[in-house]
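Encoded as structure tokens, the structure appears first; notes follow it.
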Amino acid sequence: QLELVESGGALVQPGASLKLSCAPSGRTFSRNTVAWFRQAPGKEREFVAAIRLGGGDVYYSDSVRGRFTISRDNPKKTVYLQMSTLKLEDTAVYYCAASGTQVIVSAIHMPRMYAYWGQGTQVTVSS
């Protein structure tokens with residue numbers, strides 16, 4: 001059973017940077033797609049970014065493209081989300097998720113495509 005552990009959430013000011021980590025527990029990532037989602041109070045869970053561990057392809061939502069960077073270390077033990085120029089609207093609980101199988105590009109933003117989820121880490125952007 002693959003378990004995911006997120007860390008790195010914090011309270012920061014607008015314009016700050018923050019780096020989230022997602023580490024597997026139980027077994028390592030293999031050829032999964034790993035994604036970050038976020039959920040703000042009263043809102044639906046929203047896709048943020050994803051990375052294909054097999055080939056390294058990355059995908060971003062329009063709201064974070066150019067500010068956030070998803071990456072992995074070798075040998076695929078941890079996935080990171082580097083967040084820069086944080087805005088008030090980035091405030092949310094950030095979740096790491098991993099697929100059990102390959103995810104097609106058109107579905108990569110869908111939470112239901114991911115079988116494994118972490119417990120979430122709170123990111124609060126406030127002045």
Side-chain angles (χ1 to χ4, degrees):
Q1 179 73 10
L2 177 62
E3 296 180 357
L4 304 176
V5 181
E6 303 104 329
S7 61
L11 170 62
V12 297
Q13 293 186 336
S17 297
L18 201 60
K19 189 173 185 178
L20 305 182
S21 299
C22 174
S25 177
R27 62 178 175 91
T28 60
F29 293 130
S30 57
R31 296 185 61 82
N32 311 76
T33 296
V34 178
W36 287 95
F37 288 79
R38 65 187 182 186
Q39 189 165 19
K43 295 188 176 181
E44 293 187 353
R45 193 161 295 190
E46 174 192 19
F47 170 77
V48 176
I51 183 168
R52 292 189 187 278
L53 297 183
D57 294 341
V58 296
Y59 308 87
Y60 298 97
S61 67
D62 289 342
S63 62
V64 307
R65 186 177 292 111
R67 299 189 299 123
F68 291 10
T69 302
I70 189 170
S71 64
R72 62 183 180 185
D73 75 346
N74 287 321
K76 306 177 183 178
K77 289 185 176 180
T78 303
V79 171
Y80 302 100
L81 184 68
Q82 176 68 53
M83 304 184 294
S84 303
T85 321
L86 282 162
K87 304 176 181 180
L88 298 176
E89 52 265 40
D90 293 320
T91 295
V93 177
Y94 283 70
Y95 296 91
C96 176
S99 68
T101 59
Q102 288 293 334
V103 181
I104 61 174
V105 174
S106 61
I108 211 160
H109 64 288
M110 299 179 180
R112 63 184 175 86
M113 301 307 296
Y114 298 86
Y116 307 100
W117 290 82
Q119 79 289 349
T121 186
Q122 178 70 48
V123 173
T124 302
V125 184
S126 175
S127 55

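We count residues from 1, following the sequence as given.
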Given 3.5 Å as the limit, does a donor-acceptor pair link the side chain of [X] with the main chain of [Y], or not?
{"X": "Tyr95", "Y": "Ala35", "result": "no"}
{"X": "Asp57", "Y": "Arg52", "result": "no"}
{"X": "Glu6", "Y": "Cys96", "result": "yes"}

Spacing of [X] atom [atom1] and [Y] atom [atom2] [to the nearest 0.5 Å]:
{"X": "Tyr114", "Y": "Leu4", "atom1": "OH", "atom2": "CG", "answer": "12.0 Å"}
{"X": "Phe37", "Y": "Ser61", "atom1": "CZ", "atom2": "OG", "answer": "10.0 Å"}
{"X": "Gln82", "Y": "Ile70", "atom1": "CD", "atom2": "CD1", "answer": "12.0 Å"}
{"X": "Met113", "Y": "Ser106", "atom1": "CE", "atom2": "OG", "answer": "8.0 Å"}
{"X": "Ser126", "Y": "Leu88", "atom1": "OG", "atom2": "CG", "answer": "7.0 Å"}
{"X": "Gln13", "Y": "Ser127", "atom1": "CD", "atom2": "OG", "answer": "7.5 Å"}

Common cluster, [X]/[Y], ILVMFWY with side-chain heavy-atom separation under 4.5 Å:
{"X": "Leu11", "Y": "Leu86", "result": "no"}
{"X": "Tyr59", "Y": "Met83", "result": "no"}
{"X": "Ile51", "Y": "Val48", "result": "yes"}
{"X": "Val34", "Y": "Trp117", "result": "no"}
{"X": "Phe47", "Y": "Phe68", "result": "no"}

Got more than 12 heavy atoms from elsewhere within 6.0 Å of CD, Glu44? no

Against Glu46, only a single residue in Arg38, His109, Gln39 fulfils side chain to side chain donor-acceptor pair (under 3.5 Å); can you say which?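 Exactly one candidate clears the test, Arg38.
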
Out of the candidates Val79, Thr101, Leu2, Val103, only one should pair with Asn32 under the side-chain contact (heavy atoms from CB on, under 4.5 Å) rule; please name it.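 Single side-chain contact (heavy atoms from CB on, under 4.5 Å) partner of Asn32 among Val79, Thr101, Leu2, Val103: Leu2.
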
Which of these, Thr78, Val5, Leu81, Thr121, sits in a side-chain contact (heavy atoms from CB on, under 4.5 Å) with Ser21?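 Among the candidates, only Thr78 passes.
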
Atom of [X], atom of [Y] and distance for their closest heavy-atom approach:
{"X": "Thr91", "Y": "Val125", "value": "OG1-N, 2.8 Å"}
{"X": "Tyr60", "Y": "Thr69", "value": "OH-CA, 3.3 Å"}
{"X": "Ala40", "Y": "Ala92", "value": "N-CB, 3.8 Å"}

Asp90 with Lys87: basic N within carboxylate O range, under 4.0 Å: no

